[in-house]
Number of protein chains: 2
Amino acid sequence: MSQNQILQSLIAENLVSDPSGARGRLLTEAARLFREKGYERTTVRDLAAAVGIQSGSLFHHFRTKEEILKAVMVETIRLNTALMQAALEAADTNREKLRGLVRAELESINGQTGEAMAVLVFEWRSLSAASQVEVLELRDIYEKLWLDVLESLKREGALEADPFVVRRMLTGALSWTVTWYKPERGGLTLDGLTDQVMAMMAL
Amino acid sequence: MSQNQILQSLIAENLVSDPSGARGRLLTEAARLFREKGYERTTVRDLAAAVGIQSGSLFHHFRTKEEILKAVMVETIRLNTALMQAALEAADTNREKLRGLVRAELESINGQTGEAMAVLVFEWRSLSAASQVEVLELRDIYEKLWLDVLESLKREGALEADPFVVRRMLTGALSWTVTWYKPERGGLTLDGLTDQVMAMMAL
DNA sequence: TTACAAACCAAGCGCTTGCTTGGTATTGTC
DNA sequence: GACAATACCAAGCAAGCGCTTGGTTTGTAA
């Protein structure tokens, strides 16, 4: 399944919003603005202006500003979980599975969904405690995909360090690429970057 | 030189504020609050209350709220540069030097200066463009310490990946530990964590 | 055409924000 | 003990914030 096919099936199941619809367009713009200026510095007037409506009209679609942030995060995790599962299915060996996950996560972080992914990392604290719990449950499913592969690699002897620690390190390292990786300059492609990550781990 | 001796000499040179003085106490509390609630959610009234003065009185010490954020960041980088230099001097081989840097940065991130380090990572966007330029200059000095060691390791053949990319990955991985590493539970010490990082890189 | 809900606008309320102001203690210096 | 300089307080201003309100337009289906 291609990336686009996965997105389409999630839209069909009503798990993520269609980016061409009103709600989806707002969420896309919200992710862009939250990423660019941060959640707190982005006003409901900014959000409304970005989609061409009045600020008050936002509250017809979402009850609060925070609900918008939560929706961005929830839909992002749902999409990414599906993308990672597809990456796993396309690989045979555990080493290839890890490479697939790394490559897919790098693509999520630095591709079209990059803004939403950055929001997930950097605006976490702006979520209310209640919403954090909800989003954490989704994230656990996502993390399990990684841990299973890393644990298999450890059992094979290909990995020396603790799988749990390695996943945490990879989370940080891969997320951080959003602050410096620019494909257009430097000539480093996403595949090249993936190679570097694997080389760094001597895998 | 011990950590404390380094701090003392920086205070003597007026490069960082004495934590027991009025200014230093404010910066410590500011780092704590910025880390806990984020820069935007922290009000000048919060900051003032934390050191037991009126909100207006803050502006006797700092011209703007942002100047407080900048001061936290500048002093943190100055201290850390000194700490890294000390770590390098204490090591002989390049492998040991890298281990020293990793260990020192983990200590900065997860020790007493951890709050300020987290602010440096997560509140970057709240700095005005002008202040960002100033802080970036200091950071370049700091980053050069790392790159020199990584480049030597590459020349030795101990490292396969690109030094520049590896440093960026390490920045992300080590910074991220602040979100999950809790020395009290899990039984993983800072030295143990350092070992894990080195093991992950097969070094 | 009618009926009705969903989508939106124009206006603004109540509150919080960073910062200013004018004045009063406190401290250090000769 | 005189005199600044420094550190602080009490009060509040102007602007911006999230969100509400009452009413109008648009889309849909019988």
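So you know, we letter chains A, B, ... as the sequences are listed, proteins then strands, and number each from 1.
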Can you check the [X] [atom1] to [N] [atom2] distance for me, whole Å?
{"X": "Leu58(A)", "N": "dA10(C)", "atom1": "CG", "atom2": "P", "value": "15 Å"}
{"X": "His61(A)", "N": "dC19(D)", "atom1": "NE2", "atom2": "P", "value": "15 Å"}
{"X": "Ile53(A)", "N": "dA10(C)", "atom1": "CD1", "atom2": "P", "value": "12 Å"}
{"X": "Lys37(A)", "N": "dC17(D)", "atom1": "NZ", "atom2": "C1'", "value": "13 Å"}
{"X": "Arg41(B)", "N": "dG18(C)", "atom1": "CZ", "atom2": "P", "value": "13 Å"}
{"X": "Glu67(A)", "N": "dC19(D)", "atom1": "CD", "atom2": "P", "value": "10 Å"}
{"X": "Gln54(A)", "N": "dG18(D)", "atom1": "CD", "atom2": "P", "value": "15 Å"}
{"X": "Arg23(A)", "N": "dA6(C)", "atom1": "CZ", "atom2": "C1'", "value": "15 Å"}

Task: Within-4.5 Å side-chain heavy-atom neighbours: Lys70(A) and Phe62(A) - done: no
Open item on the list: Between Leu170(A) and Met201(A), is there a side-chain heavy-atom distance shorter than 4.5 Å?
Closed with: yes
TODO: Establish, with yes or no, whether the OP1 or OP2 oxygen of dA7(D) is under 4.0 angstrom from a side-chain nitrogen or oxygen of Ser57(B).
DONE: no
Open item on the list: Under 4.0 Å from OP1 or OP2 of dC8(D): is there any side-chain N or O of His60(B) that close?
Closed with: no
Open item on the list: Heavy atoms from C-beta onward define the side chain here; which of dT20(D), dC9(C), dA7(D) lies closest to that of Phe59(A)?
Closed with: dT20(D)
Open item on the list: Set out, in order, the CA-CA distance, both residues' side-chain angles and the distance that settles side-chain hydrogen bond (donor to acceptor under 3.5 Å, both in side chains) for Thr194(B) and Asp191(B), then state yes or no.
Closed with: CA-CA 5 Å; Thr194(B) 308; Asp191(B) 275 316; 4.8 Å; no
Task: Flag, side chain of Ser152(A) to backbone of Asp148(A), donor-acceptor distance under 3.5 Å - done: yes
Task: Cationic N near anionic O, under 4.0 Å, Arg125(B) to Glu40(B) - done: no
TODO: For the pair Phe122(B) and Trp176(B), name the ring-plane relationship: parallel under 30°, tilted 30 to 60°, perpendicular over 60°.
DONE: tilted
Open item on the list: Does the plane of the ring in Tyr39(A) sit parallel, tilted or perpendicular to the ring in Phe34(A)? Use 30° and 60° as the thresholds.
Closed with: perpendicular
Open item on the list: Counting the atoms with a prime plus P, OP1 and OP2 as sugar-phosphate, which does Thr64(A) contact under 4.0 Å by heavy atoms, base, sugar-phosphate, or nothing?
Closed with: sugar-phosphate
Open item on the list: Quick check: on DNA chain C, is the nucleotide nearest Ser55(A) upstream (toward 5') of the one nearest Lys65(B), or the reverse? Name the residue that is more 5'.
Closed with: Ser55(A)
Task: Donor-acceptor pair under 3.5 Å, Arg45(A) side chain vs dG16(D) base - done: no
TODO: Have a look at the helix from dT1(C)-dA30(D) to dC30(C)-dG1(D) and give the angle its two end axes make, five pairs each, rounded to 10 degrees.
DONE: 20°
Open item on the list: Judged by each residue's nearest nucleotide on DNA chain D, which is more toward the 5′ side, Arg63(A) or Thr43(A)?
Closed with: Thr43(A)
